[in-house]
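Everything numeric in this text was worked out from a predicted model, so none of it was measured.
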2 protein chains.
Amino acid sequence: MDSPVTTAVLAAARAAKDAQPALARLHRGAKDQLLRAMAEALVERAEEIVAANARDLATADAAGMAPGLRDRLALDVERVATIAEQLRDAAALPDPIGEVIRGSVLDNGLELREVRVPMGVIGMVYEARPNVTVDAAGLALKAGSAVVLRGGSAALHSNTALIGVLREVLAAHGLPADLIVGIDEHGRDGVDVLMRARGLVDVLIPRGGAGLIHRVVEHSQVPVIETGTGKTHVLVDASVDLEQAVDIVANAKLQRIGVCNALETLLVHRDIAPQALPRIAVPLAEAGVRLHADERAAALLPSGLDVVPATGADWDTEYLALELAVAVVDDIDAALDHIRAHSTGHTESILTRDLSSQQRFLAEVDSAVVMANASTRFSDGGEFGFGAEIGISTQKLHARGPMGLREITASKWLVVGQGHVRP
Amino acid sequence: MDSPVTTAVLAAARAAKDAQPALARLHRGAKDQLLRAMAEALVERAEEIVAANARDLATADAAGMAPGLRDRLALDVERVATIAEQLRDAAALPDPIGEVIRGSVLDNGLELREVRVPMGVIGMVYEARPNVTVDAAGLALKAGSAVVLRGGSAALHSNTALIGVLREVLAAHGLPADLIVGIDEHGRDGVDVLMRARGLVDVLIPRGGAGLIHRVVEHSQVPVIETGTGKTHVLVDASVDLEQAVDIVANAKLQRIGVCNALETLLVHRDIAPQALPRIAVPLAEAGVRLHADERAAALLPSGLDVVPATGADWDTEYLALELAVAVVDDIDAALDHIRAHSTGHTESILTRDLSSQQRFLAEVDSAVVMANASTRFSDGGEFGFGAEIGISTQKLHARGPMGLREITASKWLVVGQGHVRP
């Protein structure tokens with residue numbers, strides 16, 4: 001006998017699957033109109049949403065939620081307007097559906113086309129950030145897919161209010177409300193059921209902390225796109241524009257701290273380390289960064305900085321904080337070995353003036369995004385010009401790197417004959 | 001404590017992963033030379049391979065293996081030559097690696113390119129067909145990936161001999177032999193370990209019967225590409241060229257019986273059924289096809305044919321045999337509903353002269369390959385012009401439909417700046 005949660009979550013996923021064909025029949029104009037109407041409805045009903053959010057915040061405060069998490073949970077009328085704006089942005093993006101990806105006429109006259117189609121049902125599992133609820137729903141709808149949403153339990157009332165508004169707009173447009181379903185009320189057990197909903201859910205996208213992502217990746221029977229964890233490296237090569245290197249490292253580490261494309265390990269070529277390390281350390285020290293340095297790096301860092309000896313764990317830690325692992329490497333081979341051993345395959349960048357170093361780094365580093373002479377902070381769907389981002393894939397299957405609308409679609413082959421049989 | 005099988009299979013996967021960068025550095029000429037040398041070595045050492053195969057056949061005969069399976073297992077010198085030819089064919093294919101998939105220069109001057117790169121390590125799990133061992137190894141190498149091979153235990157000696165020859169050629173070319181590793185000796189437990197080898201194996205491709213595929217899909221923590229099962233439908237629309245329909249249905253059902261793109265369910269529009277069904281049934285009856293007909297279809301079929309009443313299970317059975325489910329449908333909506341409920345998402349075809357029927361069918365059927373006026377037997381990598389086929393994906397993630405070289409690659413993003421920092 002299935003548990004009530006199993007029954008409820010499978011019913012929700014099936015409802016989304018059954019609703020999706022009605023969305024697949026809409027062309028761009030109708031989808032964009034829907035997204036704009038949703039934006040309008042959110043703004044109109046912002047106070048109701050903020051009131052629901054206040055209930056979540058009260059629970060969070062009683063439980064002593066950390067300030068950073070509380071801030072990501074909190075809504076006011078202005079933030080609701082910003083969230084609504086995400087839907088208008090999605091409406092402004094080109095429709096990925098219908099694109100002819102490739103095509104030809106075969107020798108025998110069969111016409112062959114690979115076309116972009118909706119994924120079907122997308123499951124999103126994320127943490128207590130109500131803006132993700134609306135963002136994911138909007139992007140999924142634009143890409144022709146129904147969506148099953150599981151945000152953190154801490155955002156239950158906020159998500160319920162937001163999803164309620166979006167579902168009412170769907171119904172008012174003559175569409176099935178089940179194009180957007182929330183399963184927050186079923187807690188963690190609901191996620192377990194969702195991970196087993198093969199045949200109902202076409203892809204699961206976990207978005208959030210490493211623990212959440214790891215759990216989904218390990219246990220899901222539904223295909224998963226792994227996102228997120230970024231143990232990001234910058235290599236300062238022997239031949240480097242030092243002024244640029246100082247700026248890029250500071251930008252990569254400090255421009256935004258708690259994000260997956262922020263710098264986590266700095267590797268410095270030994271030939272430049274005596275000049276480079278002291279200069280690079282200054283802006284980092286000023287910002288309060290603690291340096292976890294290997295012996296050779298520590299010996300080159302000026303005294304008075306917050307320097308601690310790097311332990312083995314430092315080479316594999318995504319700090320998401322004012323901390324940075326620093327090592328001196330003998331040459332580009334040693335740097336490539338270090339990255340091969342410790343990278344999470346997210347983003348790495350070389351800073352160099354040497355063509356051969358740049359070529360080798362771009363060719364040999366096996367990460368989603370490999371850069372030269374640029375800050376790792378550019379590893380982002382918005383920066384790439386995708387107009388939206390649903391996450392950054394660190395797996396090789398299906399999508400790699402920043403994922404926009406195109407990355408949450410599938411394709412199918414159309415074959416048109418005139419009575420063709422196979423000889 | 002890990003079991004000896006766990007230790008051995010993880011070591012094999014890690015060896016493949018460590019070997020792969022050496023292959024990734026090769027350009028097309030070197031890879032093609034390697035494949036041709038492997039073909040030559042297989043031909044030279046055919047008798048040794050046939051002798052190993054004889055040991056497998058002796059075991060198979062003692063166990064009373066079914067003739068069809070025995071035939072797929074059996075090798076002679078001629079068949080080894082055919083297998084070697086697959087490697088020469090792979091050498092003749094264009095190299096998928098290095099293709100620039102898309103690229104642009106961003107507003108800020110950053111140069112952005114998405115390029116095609118090797119997947120890394122591909123795990124193949126398949127049944128006792130020694131030709132698949134060589135075919136999979138050749139295609140993986142051409143696509144820049146190392147491969148971990150697990151064929152059926154019944155082919156243990158054949159696979160060991162084939163893999164041994166290929167590894168010797170690798171070593172003779174100064175490459176790590178571990179670019180091709182076999183784990184047949186570890187039996188089914190080896191597959192279980194392979195399915196948990198996240199971080200060592202980038203993708204698992206099961207190829208074979210529904211049971212095998214189901215098991216891998218359910219239990220793998222490594223990303224999987226689901227292949228195979230084809231509950232394939234043909235719809236004969238009211239407005240149809242009947243002569244064409246007779247030929248196409250016969251071709252789809254009979255041209256090759258035991259394959260995933262063979263026809264399994266025939267749907268006939270009620271307005272044409274009285275004329276169409278008797279005519280279509282004749283060539284099928286002559287070939288010995290048993291028809292599992294619903295009531296309306298049965299009433300229209302001439303007496304004297306092998307007709308049995310369809311049960312509920314027939315609409316979901318992939319016969320891979322001289323059997324066909326037949327139903328009369330009221331209209332295209334009923335046909336689309338039937339397909340939505342029972343298709344495995346492999347291949348469906350409409351036979352029609354009506355433009356609107358064709359448009360609706362192509363747009364609304366959510367399968368890997370959707371056809372009009374062509375035999376489902378064209379759903380094949382060779383027919384699509386891919387030059388090779390590693391399987392047919394029935395999932396939406398990563399690859400859908402016939403998979404050639406391109407479908408077993410990944411991509412990465414290259415970003416080249418000139419000191420760019422994010423404002």
For A:Gln358, is it the side chain, the backbone, both, or neither that has a heavy atom closer than 4.5 Å to a heavy atom of chain B? side chain
Given that the side chain runs from C-beta out, which part of A:Ala368 has a heavy atom under 4.5 Å from chain B: side chain, backbone, both or neither? backbone
So what's closer than 4.5 Å to chain B heavy atoms on A:Leu351: side chain, backbone, both or neither? neither
When the 4.5 angstrom heavy-atom criterion is applied to B:Gln244 and chain A, the contacting part is side chain
Tell me, side chain or backbone of A:Leu106 under 4.5 Å from chain B's heavy atoms, or both, or neither? side chain
Pairwise side-chain contact, B:Val416 with A:Leu362, heavy-atom cut-off 4.5 Å (strictly under): yes
Cut-off 4.5 Å, heavy atoms of chain B, and the answer for A:Asp18 is neither
Is any side-chain heavy atom of B:Met119 less than 4.5 Å from a side-chain heavy atom of A:Leu397? yes
Check each atom of A:Val117 against the heavy atoms of chain B and say whether the ones under 4.5 Å are side chain, backbone, both or neither. side chain
Heavy-atom cut-off 4.5 Å, strictly under: side chain, backbone, both or neither for A:Ser367 against chain B? backbone
Close side-chain approach of A:Val415 and B:Glu383, heavy atoms under 4.5 Å: no
Take a 6.0 Å sphere around NE2 of B:His214 and say whether it holds more than 12 heavy atoms from other residues, nucleotides or ligands. no
Residue A:Leu112 versus chain B: region with a heavy atom under 4.5 Å: side chain
Counting only non-hydrogen atoms closer than 4.5 Å, does A:Asn251 touch chain B with its backbone (N, CA, C, O), its side chain (CB onward), both, or neither? side chain
With the side chain counted from C-beta on, respond yes when A:Lys396 and B:His398 share a heavy-atom pair under 4.5 Å apart, and no when they do not. no
Please state whether the side chain, the backbone, both or neither of A:Val365 comes within less than 4.5 Å of a heavy atom of chain B. backbone
Close side-chain approach of A:Val421 and B:Gln255, heavy atoms under 4.5 Å: no
